[in-house]
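Written out below as structure tokens is the structure these notes cover.
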2 protein chains.
Amino acid sequence: MTEGVSRPTLEAVAARAGVSRATVSRVVNGGDGVREPLAERVRQAVAELGYVPNQAARSLVTKRHDAVAVVIAEPETRVFTDPFFALQLRGISKELTAHDNQLVLLLTEGRDDHARVARYLAGGHVDGALVFSLHLDDPLPGLIHDAGVPTVFGGRPHWGDQVAGSTRPTGEDPGVVYVDCDNRGGARAAVRHLVGLGRTRVAHLTGALDQTSAVDRLDGYRDVMAEVPGGNDPRLVVESDFTPAGGERAMRGLLDRCPDVDAVFAANDLTALGALRVLRASGRRVPEDVAVIGFDDMLPVAMEADPPLTTVRQEIEEMGRLMARLLLRGLAGGRDRTGTTVASAPAGGVILPTTLIRRASA
Amino acid sequence: MTEGVSRPTLEAVAARAGVSRATVSRVVNGGDGVREPLAERVRQAVAELGYVPNQAARSLVTKRHDAVAVVIAEPETRVFTDPFFALQLRGISKELTAHDNQLVLLLTEGRDDHARVARYLAGGHVDGALVFSLHLDDPLPGLIHDAGVPTVFGGRPHWGDQVAGSTRPTGEDPGVVYVDCDNRGGARAAVRHLVGLGRTRVAHLTGALDQTSAVDRLDGYRDVMAEVPGGNDPRLVVESDFTPAGGERAMRGLLDRCPDVDAVFAANDLTALGALRVLRASGRRVPEDVAVIGFDDMLPVAMEADPPLTTVRQEIEEMGRLMARLLLRGLAGGRDRTGTTVASAPAGGVILPTTLIRRASA
DNA sequence: ATGAAAGCGCTAACAT
DNA sequence: ATGTTAGCGCTTTCAT
């Protein structure tokens, strides 16, 4: 661990090139309005001295940081057993990098961290925030909103959508920007596929219902089942929690109450995995006796399952990219001279499509 | 996406409290040498105005950033199908947060990104770096070393350890600090367990051998097998790549050449998963006919495998914490008045122990 | 113990 | 087109 000596400043470059600081600054920041021979001399000096601008000094005057925070609020362990966030991060990172922005990662483990994050965001260290908050009762979105930082949410946030039955939730804050996948549409496609297979007793193992994704998938299931004769048997819906253990539990309960079930739509791949195991243990064959579909296309789980899982894929990385792009666009487009951000990002949500991936389980 | 108005400055707080800027600064930074009544007035003003220090201005004078970069160099997809980095990140984040440091995440996808990262690090935006680079031929560690930023590596880096047979690799750069798990010892424990079970034909499916972890695990396997009669049959070692598909391929090859194999130590859980499937397809029972052990204790893979996987667990999150702690300690301890870092972090590597987790597969 | 003042390195008016 | 200059908000001597 060695420390370099103090780095050259604009001043030093200016001296070396025999110009003023302002000229160097111009060249370094794009070089408009500097004649070529001079600009070249400056670039020379920059290269020779290995000059790198001091970001702190720059931010101090520009009030820009070229940095955005990624806030992941997840007290549960799910984040860390699921490549979901890793993929989102990759997408975000790629997009940010392409626009010379840095990614400041803020992980929160619970209530205590919320204050810290809110303070950081309110402190104006970053130009904007990308926020993941999966739980309906999470105060973080509100805190962040109050912090007044331009924000894009990952996954539909909960505000004011008590009416779970509507396609576009009522009371949605028009100023809130978010990116999500088409949970409801994906669920519909899955259940339709099952019904199309001729299955008549199609069950649903839900996700944790304090997350909008779980609610939306349940809604999608109901959309289709409402049109199927005998499809609204409430016993076919079992609440679970997105985990394999939860999937097992739910599947066992389901088998008890509805031994005649011939298809299962699980809220995610992990849940499907648990269901698969219980089905196997019960002597049922998949997909012959019971067809199973998951959600996420979480690799390697889906592909390595036995049998390989038919599932609804969401383009996770693309969601990340999109979030970053929306935020950056908002930042670039915004800000009139009073410092107020001009509305330029699309308000409301952007929903990415899902695709049904057919493998062996359904 | 709304923008707040400009935030209060030190000046404003000073005016409000009726003191000088210097006094406010003292209170904000710990408050030594300010008498209580006055200090309290300042704290009042800070609270009333909701003052948060401007980090850019502060960094400009202190030359500290209270931020460290986490560099993850991983062109492969492995990072994103494996909760490994997510867990490390969590550990790092916790430790950093506890010391009021921010985490700047730098993901690299290939050579192009290396220059960018090197520039960023050399640019003095962060106080130090935590670097993950899994591949032996990766130029990044070298670049980072040249950048002169205090650094702690995750996983033993490759420099000068061509002599794979020694416990402490010769030629190890004494200035390099890294944290790793005891890959070799863990491998030994796994293989010893297999041998203790009475297995005589114990095979090893290696990881990608351009990664030190794979090499070390192979070495551990060889350590034990060298003492077993007939243990150095080269056909029992099959090169693989840490993926399930690779595990399948390797296992098939192994079965062809050594149908009498009765135990397999896979370089990681994913590889074991592939092996498990091939074994099942070949009609062999696990563990009765062939015992299988993995490495990582990667959940949910290991626990949800069929049968649940006996494996070598490494404390991934703890490794992350430790890396951060070492870096921070080096930063805090270091720096005499000339700005040169005083050696205070332990040179060389810190190796965390592994534990064998017994489940059903061996 | 407190205040006054000098920058940290940079950008952005404003001159020329 | 280029140079001069005034800060950005903070910490840190140096006086008092």
Side-chain angles (χ1 to χ4, degrees), chain A residues 4-43 45-46 49-67 100 122-125 127 335 337 339, chain B residues 4-43 45-46 49-67 100 122-125 127 335 337 339:
Chain A
V5 286
S6 60
R7 302 180 299 106
T9 69
L10 244 204
E11 182 94 53
V13 177
R16 174 120 189 171
V19 299
S20 74
R21 282 171 14 221
T23 299
V24 178
S25 177
R26 285 175 189 123
V27 172
V28 170
N29 296 305
D32 320 318
V34 177
R35 257 194 276 271
E36 199 34 62
L38 237 199
E40 186 51 34
R41 265 211 341 258
V42 172
R43 273 185 233 108
V46 166
L49 265 39
Y51 169 75
V52 184
N54 179 319
Q55 187 60 42
R58 178 180 279 173
S59 294
L60 188 53
V61 29
T62 62
K63 275 121 171 49
R64 291 221 34 162
H65 303 263
D66 296 320
D100 268 308
H125 300 285
D127 302 323
R335 289 168 218 265
R337 57 189 58 187
Chain B
V5 285
S6 60
R7 302 178 302 107
T9 68
L10 245 204
E11 182 94 51
V13 177
R16 176 120 191 170
V19 299
S20 73
R21 282 169 15 218
T23 299
V24 179
S25 176
R26 285 175 190 123
V27 172
V28 169
N29 297 303
D32 320 318
V34 178
R35 258 194 276 271
E36 199 33 64
L38 237 198
E40 186 48 37
R41 262 205 352 252
V42 172
R43 273 185 233 108
V46 166
L49 265 40
Y51 169 75
V52 183
N54 179 320
Q55 187 59 43
R58 178 180 278 175
S59 293
L60 188 53
V61 26
T62 61
K63 274 122 173 48
R64 289 221 36 160
H65 304 262
D66 296 318
D100 267 308
H125 300 283
D127 301 324
R335 290 168 217 266
R337 57 189 57 188

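Quantities reported herein were computed from a predicted structural model and do not represent experimental measurements. Letters A, B, ... are given to chains in the order of the sequence lines, protein chains preceding strands, and every chain is numbered from 1.
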**Q.** Atom pair distance, as rounded to whole Å: CG in B:L60 and P in D:dG7
**A.** 17 Å

Q.
What is the separation between atom CG on A:N54 and atom P on D:dC8, rounded to the nearest whole Å?
A. 18 Å

**Q.** Within residues 17-26 of chain B, residues whose heavy atoms come under 4.0 Å of DNA chain D
**A.** B:R21, B:A22, B:S25, B:R26

Q.
OP1 or OP2 of C:dT11 versus the side-chain N and O atoms of A:N29: is any pair under 4.0 Å?
A. yes

Q: Find the distance B:L49:CG to D:dG9:C1' and express it as a whole number of Å.
A: 15 Å

Q: Let me know the distance between CD of B:E11 and P of C:dA5, rounded to the nearest Å.
A: 13 Å

Q: State whether A:R41 and A:E36 are salt-bridged, where the test is any N-O pair (Lys NZ or Arg NE/NH1/NH2 against Asp/Glu carboxylate O) under 4.0 Å.
A: no

Q: Would you mind reading off the distance between B:R58 atom CZ and C:dG7 atom C1', rounded to a whole angstrom?
A: 17 Å

Q: Tell me whether the OP1 or OP2 atom of D:dG9 has a side-chain N or O from A:K63 closer than 4.0 Å.
A: yes

Q | Interatomic distance, A:R7 CZ vs C:dC10 C1' [rounded to whole Å] | A | 12 Å

Q. How far does the helix from C:dA1-D:dT16 to C:dT16-D:dA1 bend, going by the axes of its first and last five pairs, to the nearest 10°?
A. 40°

Q.
Without decimals, in angstroms, what is the distance between A:R41 CZ and D:dA1 C1'?
A. 13 Å

(Q) Let's see if you get this right: which residues in residues 32-40 of chain B place a heavy atom under 4.0 Å from DNA chain D? (A) none

**Q.** Euclidean distance, atom NE2 of residue B:H65 to atom P of D:dG9 [Å, nearest integer]
**A.** 19 Å

